[in-house]
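What follows is one structure encoded as structure tokens, with my remarks underneath.
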Amino acid sequence: VKRGKSRKAARPLALLVLAAGKGTRLSTAPSAPPKVLVECLGVPLLDHVRRAVAPLGADPIVVVVGHGADAVGAWLSERWPRARAVRQEPQLGTGHAVRIAMESIPDFDGDVLVVYGDVPQLETADLERLLAAHRAKDASASLLTGVVDDPGRLGRVLRDAKGAFQRIVEAKDAGRKAKVLAVREFNTGIYAFRARPLRTALVALPRANAQGEEYATDALGRIAARGERVEAVLSADPASLLGVNTLEDLAAAYSVLRRRTLTAHLARGVAVVDPDTTVIEVDASIEAGARILPFSHVGRGCRIAAGAIVGPFARLRGGSVIGPGAEVGNFVEVKATTLEAGAKAKHLAYLGDAVVGEGANIGCGTITANFDGQRKHRTVIGARARIGSGTVLVAPVRVGEGGVTGANAVVLAGRDVPPGVTVVGVPARPVAPRKGPRTPAAATPEPPEDGP
Amino acid sequence: VKRGKSRKAARPLALLVLAAGKGTRLSTAPSAPPKVLVECLGVPLLDHVRRAVAPLGADPIVVVVGHGADAVGAWLSERWPRARAVRQEPQLGTGHAVRIAMESIPDFDGDVLVVYGDVPQLETADLERLLAAHRAKDASASLLTGVVDDPGRLGRVLRDAKGAFQRIVEAKDAGRKAKVLAVREFNTGIYAFRARPLRTALVALPRANAQGEEYATDALGRIAARGERVEAVLSADPASLLGVNTLEDLAAAYSVLRRRTLTAHLARGVAVVDPDTTVIEVDASIEAGARILPFSHVGRGCRIAAGAIVGPFARLRGGSVIGPGAEVGNFVEVKATTLEAGAKAKHLAYLGDAVVGEGANIGCGTITANFDGQRKHRTVIGARARIGSGTVLVAPVRVGEGGVTGANAVVLAGRDVPPGVTVVGVPARPVAPRKGPRTPAAATPEPPEDGP
Amino acid sequence: VKRGKSRKAARPLALLVLAAGKGTRLSTAPSAPPKVLVECLGVPLLDHVRRAVAPLGADPIVVVVGHGADAVGAWLSERWPRARAVRQEPQLGTGHAVRIAMESIPDFDGDVLVVYGDVPQLETADLERLLAAHRAKDASASLLTGVVDDPGRLGRVLRDAKGAFQRIVEAKDAGRKAKVLAVREFNTGIYAFRARPLRTALVALPRANAQGEEYATDALGRIAARGERVEAVLSADPASLLGVNTLEDLAAAYSVLRRRTLTAHLARGVAVVDPDTTVIEVDASIEAGARILPFSHVGRGCRIAAGAIVGPFARLRGGSVIGPGAEVGNFVEVKATTLEAGAKAKHLAYLGDAVVGEGANIGCGTITANFDGQRKHRTVIGARARIGSGTVLVAPVRVGEGGVTGANAVVLAGRDVPPGVTVVGVPARPVAPRKGPRTPAAATPEPPEDGP
């Protein structure tokens, strides 16, 4: 048996992703992206699918595009270069899409997995189980199924007395047959096929239905009708198999994916204190030992090091880097900015397009004015600098190592603060170095903080 | 049958709303509003009931008031002018309240719907089903019921073997009859009556009970005892029928109404990204195509146009208007302010009593100082103006079209910024128009932003 | 019977808290606290246990410490002085810990309750029920049990046909006995013992197991094997009995404790508007009649008076005091600061180490710069003072009663604002007292606010 399994496992795997839909119910704006590029938790729906299928190591990967084909194609080139886009024009149903995809890989033989680009909750484990059963039973076709109390308009999966797959009955064809409608197992539309019987079954699929479309289900039906083996594999989590068609669906997927992402971070040692009030978008890279406090929003692509503390009420936007032991506190926004080790921005501040050096302290109310109306500019703050409360740093500008700014100072673009120098005022000018003990008259207010 | 139904539907409908309670368990403060004026998700409990009953088109509408009668009366005049307030003094029970209400409409004949002003989760569909059954069955009285595992102190609804209503047994009267207490169907106290049998049943209701009060239940009991037809109609969602008596009840109602409001916005095309972390109060008017990001709080009466983006961590207070494509970002509060098309306030800012013109950019840290200790004043910011980071605009003040303020500028009240002029400093003064390329010395820091 | 019960109730009670664990799965940082000092909702896990057991009035209280013994001991001295720390070194299992604890109270006779320092959700009621049953049945040992669908690796509780306790079977010892593994009742490890049989049972506990440890379960097993009475008492809420071993466990405990804390505040008359989006840490003291709006984070030890309003998007940190009718609004952080009656800080502000006098108004954007790089300093704002928008107050500094600061003013350390005086500018200097009606030129912008 082992030898047999091993032989089956070695069979090549092609992946077809159906991604041609428009997503009219998600947005009617002319500028709206095609459905599979709609974002959920920081990345497009299609990217969630990419992540779920990645461990399967499928090759080739064919993504069937239609609405917004150029946009999807461009996204694939950048983010999923191993996938090839195949255009379905016009869109004549799932069977049509599978046929076009198979025609684009005429020499492929092996197993063919069919999934959808608008099912972001898809779990790798379900696909692995589908493929494992498909191969172990040497099936010509296999389908992933789910069980819910009322599958509504979804196709019902009928099994014989021994539990073997018989056929799929579409809800509309069930008509008044209450017995069929009472079946709680539904067809998810996710299939594994052997390539050869699939190619045969796709020839001249009927379009004699209400939509005038070709259905992938019919291909499976033909294979079953020929008496070839068809396996139905039950998913443990049917909710993960539902496609996103409406904004409610999108919000529901967001909720599941948000929770799943947080759980993964917890399992890897990130102290997410209150998952109920925390959002971490996909792809944030957080080291074990970082702490994320309540009411925090961490954008995609952020990197947070061990010992860093974020929140509460903090927002890290895409691509920010929070170094070891660095802190971002309440009502602070960080965008495309790096805080090096031990740097702190603990209260009301905006840091954009900046680098904050090791151990520097960003006072409450600090703002990097990074945009001049045409371009964005960078702010560089040196190690151990102390930026005073309410300071505006007009980029491009540098504050040298150990530099200090006074409260409500405005450091103009290009007027760099030299290392160790203190500047104050609007606009900011250097003050004479402080001598002796600090006096009330010294215009060098320190940033508010809570000490070590 | 059809003809009969149609005739019945034409029967006039009176609505009685019992709203005399004090709400001691919601607040013990002397200044506390009467119970039905306690707010939930931005409007009084009574307003939620008003919304639920509005589609029924009842006329007359009688609201029985008692505690805080003047306040409730004033609210009715302003917000529910079709309702007439009838005073119940002293408050001697629900039967007493219904009797007083019926005496205030002595000539009314038809159906009488009795609801409560402290049941904010009430759903129109339940009332429609109650009325439909009441009329279809030509009942003299009908009651809405719910099923829960343990109805506790609520009255149990007993039915005969055929499922027809028999009678209500109060929990306290059930005594040790475990069989009665095990009944899971309870009386919600929401009734439909035919006016005539109701009037008869209300005469000299007994007060021989612990509270010495007249109960509406007893009126229904008399009608049933006379052998007239009484229908019991089961609600699909018993939680929606529970009154608000405690702060826990109020929080539970808030949670349900919050979720229901968000779902309605989603269904209408508003992209509420994360319902779990979003609050939208009742009555906010949001166009399809607007996006509401996580951790946002949108107050009652706000208007948000298509293409607008709100959040995360944004707070829109009552009556704010966010125009097409306008953006309100993190840690920004907007109050009684209009942002015209494409205007942006993306980071830490307070805009109160202001108008922000088309395409204007509000820099991070901008504050409209709208209150002089006695009165509030307006701030008007022209189209395409650019307000620099940390600017304080002391109202009343205007910034002309294309006007610019420098970082941390303080624009004093009345010192309007002419169109196209740049002002800087504390207090702000005009600078000479910039010539040639931007130099580091130019004191015209731009607001931070992320560009298009 | 009554006499008997009363006699039993009078039996002395010793409490043993096992608190020697390291908590490796919570943090691997070298500086990580020992497990029982890991915080959850503002206080260490062990403090939650302290609160749960406090009403039992046990004496003596023995806390068995091991990893981080010095830190736990120090915490006990400060926060739980009635408890005595006993060191377990090396840590050789729960039975070993109980033995060491019992050896530290050689003269104690009575009942012995054994709980764990890493079970923060523990409920007093469960412990009371365990003790009551233990005493009422005159048991030599009693255990608290829970029922869940699949107890996994937890020990199963076997009962006889009459429901009496038989024995505990460890999951690993159940082997392939599906019947035993199917038992849904598990041993929580929380026990009540009579001291004498416990001492006997602890002698030479076997270590012939995988870990080479002594198990408290075996002590209970010995007592049962001797034919002495052992009671198994079922908890109503098994989730409350689970220990915290992983960050997921910690987050789950946080969620339960957060909800429980909010419910307690609601029950006591605090208007928590939206529990779903509110965090109140343990030990905050809030009077009935205070209102906590959504998206608020109230730290441990804060005190909030009746009539105060906090939120939305407010953060009160440890030890802040919000007086009667005082208000803390959106994007405001308050730390170690007192707002006296009617004082208001309604928008974007940071108040640290400050006292704000009665009726004073803190303008939007106000910052107390309380840290000079070495030490923290205090800010004192007098009654009815009005701090202008964007003001930075560099501590130590005082604003006298009725003092006023202009927009974006910087009040330097030590440059106190005398009562009734207005200061403006960077740095702030007094202006001549205003005469006659307010003119546009007067540099005395008022703080933004919404009126009375």
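Computed from heavy atoms alone, side chains included, the values below leave out hydrogens, waters and symmetry copies. Treat the numbers as computed from the prediction; the structure is a model and nothing was measured. Chain identifiers are assigned alphabetically (A, B, ...) following the order of the sequence lines, protein sequences preceding nucleic acid strands; residue numbering begins at 1 within each chain.
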| task | Output, in order, the C-alpha distance, side-chain angles, deciding distance and verdict of side-chain contact (heavy atoms from CB on, under 4.5 Å) for C:Leu293 and C:Val310. | result | CA-CA 6 Å; C:Leu293 306 184; C:Val310 171; over 6 Å; no

Interchain contact, [X] with chain A, by part (heavy-atom threshold 4.5 Å):
{"X": "C:Ala314", "value": "backbone"}
{"X": "C:Ala409", "value": "backbone"}
{"X": "C:Thr24", "value": "neither"}
{"X": "C:Leu250", "value": "neither"}
{"X": "C:Ala29", "value": "neither"}
{"X": "C:Val332", "value": "backbone"}
{"X": "C:Tyr254", "value": "side chain"}
{"X": "C:Ala252", "value": "neither"}

| request: Decide, yes or no, whether a salt bridge links C:Arg259 with C:Asp276 under the criterion of side-chain N to carboxylate O below 4.0 Å. | output: yes

| field | Check ion pair C:Arg300-C:Asp283 (N to O, under 4.0 angstrom) | value | no

| said: Quick one, A:Val394 and A:Val411 - any side-chain contact, counting heavy atoms below 4.5 Å? | reply: no

| Top contributor to chain A contacts, counting heavy-atom pairs under 4.5 Å, from C:Glu39, C:Arg25, C:Glu248 | C:Glu248

| Got more than 12 heavy atoms from elsewhere within 6.0 Å of CZ, A:Arg291? | no

| query | Is it the backbone or the side chain of A:Ala288 that comes under 4.5 Å from a heavy atom of chain C, or both, or neither? | reply | neither

| Quick one: what part of A:Val272 sits under 4.5 Å from any heavy atom of chain C, side chain, backbone, both or neither? | backbone

| field | A:Tyr350: which of A:Ile362, A:Val334, A:Asn370 passes side chain to side chain contact (heavy atoms under 4.5 Å, CB included) | value | A:Asn370

| query | So which of A:Val410, A:Val404, A:Thr391, A:Val417 actually passes side chain to side chain contact (heavy atoms under 4.5 Å, CB included) with A:Val423? | reply | A:Val417

| said: For C:Thr277 versus A:Phe295, what's the shortest heavy-atom pair and its separation? | reply: O-CZ, 3.3 Å

